[in-house]
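Structure first, then comments.
Numbers here simply count residues along the sequence, with the first being 1.
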Amino acid sequence: MGELKTKLEERGLETSGKKAELIARLATAAEADGPTEDEVEFVKIADEFRGMKNAALQGLLGMNDQKKSGAKEEMVQRCADAKMWGCLPKCPECGGGGWT
């Protein structure tokens, strides 16, 4: 809960109350601020991928060793994540899945 209070302090917001109240207070403030630059950029990138066919998305995901199955929107989100922040590595312990 310390990180939550720190974020509230950074915005000059009240830091007392139950955790659910603090989360709601921070969410309301973030909503009022509008989207961050990263969020705006992510939406633009995702929109580019939405124009592609599923087979093309699967090809990109496969080339980057990412999960290729799922609904189109899931694949779009994975492609946008990879373009913006890089691909998730495989788990070093089991060799499967991606880290979260």
*With sequence neighbours left out, what residues match Glu9 under side chain to side chain contact (heavy atoms under 4.5 Å, CB included)?*
Thr15
Just distance, no hydrogens or angles: give the donor-acceptor pairs under 3.5 Å from side chains in residues 40-66, sequence neighbours left out.
| from | atom 1 | to | atom 2 | distance (Å) |
| --- | --- | --- | --- | --- |
| Asp47 | OD1 | Arg50 | NH1 | 2.5 |
| Glu48 | OE1 | Lys83 | NZ | 3.2 |
| Arg50 | NE | Glu73 | OE1 | 3.1 |
| Arg50 | NH2 | Glu73 | OE2 | 2.8 |
| Asn64 | ND2 | Leu60 | O | 2.9 |
| Gln66 | NE2 | Asn64 | O | 3.0 |
| Gln66 | NE2 | Leu88 | O | 3.0 |

*asked:* Can you confirm whether Leu22 sits close enough to Lys7 that some side-chain heavy atom of one is under 4.5 Å from a side-chain heavy atom of the other?
replied: no
*asked:* Within this structure, what is the OG1-CD1 distance for the pair Thr28 and Ile23, rounded to the nearest 0.5 Å?
replied: 11.5 Å
*Got a second to check how far Leu8's CG is from Glu3's CD, nearest 0.5 Å?*
11.0 Å
*CE/Met75 to NZ/Lys72 distance, rounded to the nearest 0.5 angstrom?*
7.5 Å
*At what distance, to the nearest 0.5 angstrom, does CG of Leu4 lie from CD of Glu21?*
11.5 Å
_For Lys67 versus Ser69, what's the shortest heavy-atom pair and its separation?_
CE-OG, 3.2 Å
